[in-house]
Number of protein chains: 2
Amino acid sequence: MVRKPATLKDVAALANVSRATAARALNSYGYVGGETAQKVQAAAEKLGYRGNRLAQALRSGQLPIVGCILGDIQNPFFARIAHDIEVLARECGHNLVIGSSEEELAQEISLLASLRSLSIRGFIVAPTSQGNNAHLQGLIDEDVPLVLIDRVAEGVDCDSVVVDNEGGARKAVEYLIGMGHNRIGLLQDDMRIFTSRERRSGYRSALAAAGIAADDRMVAVSQSTVEHAVDATIRLFSQKSPPTSLFTVDSLMTQGALLAFRSMGVSIPHDVSLIGFDDFNLATFTDPQITVVSQPVSEIGRAAARVLFERLAGKDGAPQKIRFETKLIVRGSVSRRSVI
Amino acid sequence: MVRKPATLKDVAALANVSRATAARALNSYGYVGGETAQKVQAAAEKLGYRGNRLAQALRSGQLPIVGCILGDIQNPFFARIAHDIEVLARECGHNLVIGSSEEELAQEISLLASLRSLSIRGFIVAPTSQGNNAHLQGLIDEDVPLVLIDRVAEGVDCDSVVVDNEGGARKAVEYLIGMGHNRIGLLQDDMRIFTSRERRSGYRSALAAAGIAADDRMVAVSQSTVEHAVDATIRLFSQKSPPTSLFTVDSLMTQGALLAFRSMGVSIPHDVSLIGFDDFNLATFTDPQITVVSQPVSEIGRAAARVLFERLAGKDGAPQKIRFETKLIVRGSVSRRSVI
DNA sequence: AATATATGTGAGATCGATCTCACATCGTCT
DNA sequence: AGACGATGTGAGATCGATCTCACATATATT
């Protein structure tokens, strides 16, 4: 029952022509007699011939696969992006290899090396690290198309798709300040991560503009998972004089903060005000609904894929740096606080 | 600046040996002189040689990649599974290609064909369809390892990892009945989908056991996304005599139902009781917390990957049919109803 | 000393598809 | 009639790694 897939040789034999002719007939290039072409088509049909993409790739040097290295597919933000990229890739006749760096530079590097040895055509990467991006520069040096997504990497000059993190964070914090808050907490993930740095920078600049001194006790750092965020929030709010409001840098952390507040019996927005970066499905179900800075998630993956496939199609030119705006969506998780 | 990656030939030339010897030195097989081996290693090192996996694969007939076709990576259930598979694959020196069938059989078939032409080593598939599984049978006929996940396909005899859908659904509905409900709604996705059928079957058998007649007006069908579930729920509860309780077959639909109830001003559990299949992060944050039937999501992907890699390692034997138990987690979204 | 065995190495075939080149066979134009 | 272009086709090289086979040496055994 174990029959090997048919090869071009088989097709050629069945059609009584040479491999070269069979190839011409199937890929329609060069001169092929009409009748011959038919014979070959028929033979291919009968054998269920379906070219070996590996062999084709060996010859052409390129496998019709694009690689995608993200922080974590479990994060709905990245899941959405991965999905959109996959859809576009399929439309372009490519498949998608996914790797998760788990925010470890070493992992990212080894994953990339492993994918490169596959002669993959192009990459979309959400780089983990700030500096140390020789592995990414290496791609560029060898003219392998690379699109950075969600984050840019220092000193790596290539296409990128990001959002206005700093501006979004600033809007959020300015809104809190405008509502009378001055003890504003920040729940962020690791400083190695670009978005985390930018969002913190927006947080800081909003504070500075309002003349509020930065205070490290107002800042908690955790990994970007619901569980870690719960712990970090509890720690942050167990201090003697905790923040009166909290800005969280992504939706998983927002959810973690929500769960933490519930477990601590802290009421939102009565006891603490909350505002998150990145919208999420249940943000409007919770009571109160959660005020967030939203980013156009559905655009990001598509934009990155579009740029990548343009490059694969041979488009030259200066790197495209796409940056989407963010939007403050006011709901009910922030309350006005009379200044004391 | 564009230097091609070094090939074995380059290494051999630099080390002044033949390609064969270089290969032997690098892969340590056959006889190689100690000194020669060193020279080759050094040359490889200097050139940054890193074998072309494509060429290796063409020769061996197999690319160290496993394919994974799921319904939708955006579903946190599948995202979790994909993540776990990716981690295990990496440990086994493989990469992961992901495709989304979007619950379309045609898509699943074409995706599988496209991945097969890559000479991928094995597959993990969540089959969309009930019958019509010739494409899956084709894999088995050619001895390509295949593990079905979350769902099994009729007439396809291979490894599989599923949960006790029927039992889980029965537990949920029995619990509702025990709480005095007899107008029990079901929000399910397409009947083509295995889990949907099984969970409905559990729903039906619980009703039947309690002597409650099945009523099609109590059943709503929608795609498995939050948005579609919102609409379906609203339709279901806009009838003259709507259900007094609802069982939803997955977490996205549960979230959709929650949003729908909120928008309709229906209070849980006062007006309507709700119980969902598959737990989710915010289930304990909502007010009330949501009662669910949980499945061991973190086990499923890992189990499937483990089985797949055992097969890839050459393990023979009868198909493994793994089936995990589900667990009813009682929280606060179901209220006792006095029988009228 | 002669044969057997262990140890190293290289030439060339192979995987499957593609592409260049050479060689046909037509028709057409001067 | 001879020549040139258009049209069709096949032989063989190529992509890069691997593996078989043949051929060397060196060491061991009788």
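In what follows, every chain begins at residue 1, and chains take the letters A, B, ... in the order their sequences are listed. Any value given below was found using the heavy atoms of this structure, including those in side chains, with hydrogens, waters and symmetry copies removed.
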**OP:** Under 4.0 Å from any heavy atom of chain A: name the first and the last nucleotide of DNA chain D that qualifies, 5' to 3'.
**Re:** D/dT7 to D/dG16
Subject >> Which residue lies more 5' along DNA chain C, comparing A/Arg19 with B/Arg59 via nearest heavy atoms >> reply: B/Arg59
Subject >> Donor-acceptor under 3.5 Å (B/Arg90 side chain, A/Ser100 main chain) >> reply: yes
Original post:
Contact class for A/Gly61 vs. all strands (heavy atom < 4.0 Å): base, sugar-phosphate, or nothing?
Top reply: nothing
Original post:
Is the shortest distance from a Lys or Arg side-chain nitrogen in A/Asp157 or A/Lys321 to a carboxylate oxygen in the other one below 4.0 Å?
Top reply: yes
Subject >> Residues A/Arg302, A/Glu91: salt bridge by 4.0 Å N-O rule >> reply: no
Original post:
Just checking, is any N or O donor in the side chain of B/Ser114 or A/Arg53 under 3.5 Å from an acceptor N or O on the other one?
Top reply: yes
**OP:** Tell me, with the steps shown, if B/Asp150 and B/Phe77 meet side-chain contact (heavy atoms from CB on, under 4.5 Å).
**Re:** CA-CA 10 Å; B/Asp150 188 47; B/Phe77 173 76; 3.4 Å; yes
**OP:** Name every residue in residues 25-46 of chain B that has at least one heavy atom under 4.0 Å from any atom of DNA chain C, in order of residue number, or write none if there are no such residues.
**Re:** B/Tyr31, B/Val32, B/Gly33, B/Thr36
Subject >> Whether A/Arg151 side chain and A/Pro127 backbone form a donor-acceptor pair below 3.5 Å >> reply: yes
Subject >> Under 3.5 Å donor-acceptor, A/Arg24 side chain and A/Ser28 backbone >> reply: no
**OP:** Decide if atom NZ of B/Lys9 counts as having more than 12 heavy atoms of other residues, nucleotides or ligands within a radius under 6.0 Å.
**Re:** no
Subject >> Note, A/Ile81 side chain near A/Ile85 side chain (heavy atom, < 4.5 Å) >> reply: yes
Subject >> Five-pair end axes of the helix from C/dA1-D/dT30 to C/dT30-D/dA1, angle between them (10°) >> reply: 70°
**OP:** Could you tell me whether a side-chain N or O of B/Asn27 sits under 3.5 Å from a main-chain N or O of B/Tyr29, the two making a donor and an acceptor?
**Re:** no
